[in-house]
Amino acid sequence: PAAFGAPGRPMGPGVPKAGPPGPPKGRPADREPPRSEPLRPERQESKVVAPQPPPAAEEESLRCHLHRKPQLGCKICRRVYYTTLGPGAHKKDDRSKDKSMDAGRTDEDTARRRALEAFEVTNKQTFNFNSMLRDQILKNTYFKSLMSIDTFEGIVDELYQYAETAEVYGAGSTTVPSTLFCCLFRLFTIGLAYDDLLHLLESKEWPYIRCCGFLYIRFGCAPEKLWDLLGDYTLDDQEFEPSKLQPGFSVTIGEYVEALLMDERYYYTALPRIPVGVKKKIEEHLAPLPQYRRRTIANKKALHQFQEVGAPIEACLNDGEWVPGTIVQLLDTHPTRIMVRVRLMDGRESTTHLGKVILREKTRGRSRSRSPRRGRVGSPDWTRHRGKSQAEMVEELRAKQRERAVCSSGKDYARKPIGFMSGLALKRDMGMASTRLREEETYAPRQVEHRRQMTEEEEAEKRKELRDREFQDQEKRQLMQQLYEKYGTTHNAAKPPQQQSQPTVLPGEQEAEVLRLG
C-alpha cells in the first residue's frame, strides 16, 4: 500500500515508528514532512534534465557565425548571449554595470571610457574627407605601401622621416597627396586611443607630427568638442614652416590651430563644416588671442616674478572676467606652453596660461603712477595691463571677417591646376617602402658601370697621349699661321716690298729656285 500512497496522506494508526533506512512509507497527517526528501529532488532533476537536448541544439543554431567563442565586443554574440539567458538578463546586466560604475572604477577604465567619448570619429566611412581627396589617397602608391604598417609607432616613424610639409598635396601638385595626409588617412583606418593622440599633440621630435594630431581632431571630432580639445594649443609658440612653396615663412603652432578653427578651407581643401552657433562660441574664445600672445612675450621676459609663490596676480577666466588671486606654482613642463596654477580669492585653484595672467601691486595704500602709456604711446606694459575687453575684441574680429568676405585677396582663389604632362615631371613624396614597390612593379634600375682604378702605366700612357696631341695641335696652328702669312692679302699689303719679294719656305719643303733677269 505504501507504493500507492501519496506523501502527506494518512496511512492508518498501525504504522511502525522505526524501520529500515530509506524513503518513508507513510506519514500521519498532523506531522510536518521532513525537510530533506530525496524523492522530490530526483523527480525535479528528472523533469529538468529530460528536455535538455533540444536547447543544446538551439544554442548551436544560435551561435555567432563569426566567432566560435562568444565575444562581448560583437553585437551578434551579445544578442545570442542575452537570448540564451532570458529576456530580463540584459536589463539585470545593465543594472549591475550601473552599480559598478557608481561604486567606482579604476583610472584605466575611466581613461578608456573618456577616450571613446572624446575621440570617437564622427564619420567612420569617409572620415569627413571629400570624395576626390579620398580617391587620390587610396590610389596613391605611397599610401598602398603604408597599408603594410599596422602599428601606430610605424606611422609616426614615417611622419618623422618623410613629412616635410603641412600641405594637402605635394610641392607643386594638385593630384598627388602629401606624406602627411597619407599618414593621416592611415591613422584613421587604424584608429587612435587617447594616449596615442596625446602623443601626437605633445610630440617634441617633429612639428609635422603635431600637425597630424591637430588634423586628426579637426577632421574626426564632433564640432562641439573642438575647443575643449584644441583650445589649450592656441597659445603654443613653437615655430615651423608649413609649406615648401614659401621658404622662410614660419608660423607658430597656436596660429596654425587658430586657422584650423577659423577657416573653412585648408590649402584649398574643404574642412568639415562647423555649425554657426558653435562657430560663434569659438570666435568668442579666439578673439582675444592676439592680446594674449603679446602678453605672453612680455611675461616671459619677467618670468622670475611669476616664479614667486604667493605673488599677487589677476587671472582672466574663460568668460573674460579678471579675478584677483595668488600664484601657487609655475608649470613649465612644456616650454612652448607655460601654465600658471593660481589660487583665487574664493579658495578655488585654477590652471591658466601665462598670457592670461597679469601682476598686481602688493600694497594698495601707496599711490604710485603706473600709467601704462606714459612715455611710450602704443606700447603698454602687458605684464600689468588688461588690454581691451573680450566684447571689443569679438566685435573687431567679426568686422575683419566681414571685410575679408567682401574684399578677398588673390591668394583666396584656387590656383591653376597643373596638367597631366607637367605633373609627370614633378618630384613625388615617397618613402623607402614606396620606392621599393615602384621599382618592383614599373621601374627598371639603371645599370651603373663602375670604373676600375687605372694603374700607373696606364696613367703614364694617357699623359703621353695628351702631350703628343698637344704637340700636334701646336704644329698644326703654326702651319696654318705660316700659310696665312704667305697668302693673306692684308698681311702682304702691309709688308714692305723687300719682305714681300722673299718667299716663305715651309718646314719640310725645298726652297724654290729664283731666276733673276737683268
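All figures in this text were calculated on a predicted structure; none of them were measured in a lab. Each residue takes its place number in the sequence, starting with 1.
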Residues that [X] engages under salt bridge (charged side-chain N to carboxylate O under 4.0 Å, His left out), provided they are two or more places apart:
X      : value
Arg386 : Glu314
Asp228 : none
Asp150 : Arg186

Would you say the side-chain atoms of [X] and [Y] include a donor-acceptor pair closer than 3.5 Å?
X      : Y      : answer
Asn128 : Thr122 : yes
Glu167 : Tyr266 : no
Asn299 : Thr296 : no

Got a donor-acceptor contact below 3.5 angstrom from the [X] side chain to the [Y] backbone?
X      : Y      : answer
Lys279 : Met262 : yes
Thr165 : Pro242 : yes
Arg134 : Phe127 : no
Thr252 : Glu239 : no
Asp332 : Ile338 : no

task = Might you point out which heavy atoms bring Tyr267 and Ser243 nearest each other, and give the distance in Å?
result =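 Between these two residues, the closest heavy atoms are OH-CB, 3.9 Å.
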
message = Please enumerate all residues that pass side chain to side chain donor-acceptor pair (under 3.5 Å) together with Glu396, with sequence neighbours excluded.
response =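 Testing Glu396 for side chain to side chain donor-acceptor pair (under 3.5 Å), a comparison that skips the adjacent residues, returns Lys388.
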
query = In terms of side-chain geometry, is the basic nitrogen of Asp263 or Arg265 positioned less than 4.0 Å from the acidic oxygen of its partner?
reply =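 The answer is no: the pair does not qualify as a salt bridge.
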
task = Using a strict 4.0 Å threshold on nitrogen-to-oxygen distance, state whether Glu321 and Lys356 make a salt bridge.
result =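 Salt bridge: no.
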
key: Phe219 and Phe129 aromatic ring geometry - parallel, tilted or perpendicular at 30°/60° bounds   =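 Ring orientation of Phe129 relative to Phe219: parallel.
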
task = Find the distance between CD (Glu255) and OG (Ser250) and round it off to the nearest 0.5 Å.
result =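 Glu255 CD to Ser250 OG: 8.5 Å, rounded to 0.5 Å.
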
message = Please evaluate residues Leu235 and Leu289 with respect to the criterion side chain to side chain contact (heavy atoms under 4.5 Å, CB included), reporting the C-alpha separation (whole Å), side-chain torsions for both, the decisive distance (0.1 Å), and the verdict.
response = CA-CA 7 Å; Leu235 294 175; Leu289 286 183; 3.7 Å; yes

task = Run through Arg294, Lys300, Arg293 and flag the one making a salt bridge (charged side-chain N to carboxylate O under 4.0 Å, His left out) with Asp237.
result =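 So, applying the salt bridge (charged side-chain N to carboxylate O under 4.0 Å, His left out) to Asp237 and each of Arg294, Lys300, Arg293, only Lys300 qualifies.
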
ask   = Is the Tyr256 to Phe240 ring centre distance short of 6.0 Å?
value =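 Aromatic pair counts; centres sit under 6.0 Å.
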
request  = If a pair satisfies side chain to side chain donor-acceptor pair (under 3.5 Å) and one of its residues is in residues 198-214, list it, with sequence neighbours excluded.
outcome  =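 Non-adjacent pairs meeting side chain to side chain donor-acceptor pair (under 3.5 Å): Glu202-Tyr233, Glu202-His334, Glu202-Arg337, Arg210-Asp236, Arg210-Gln238.
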
ask   = Can you name the residues that form a side-chain contact (heavy atoms from CB on, under 4.5 Å) with Asp232, not counting sequence neighbours?
value =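 Checked Asp232 against side-chain contact (heavy atoms from CB on, under 4.5 Å); zero matches.
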
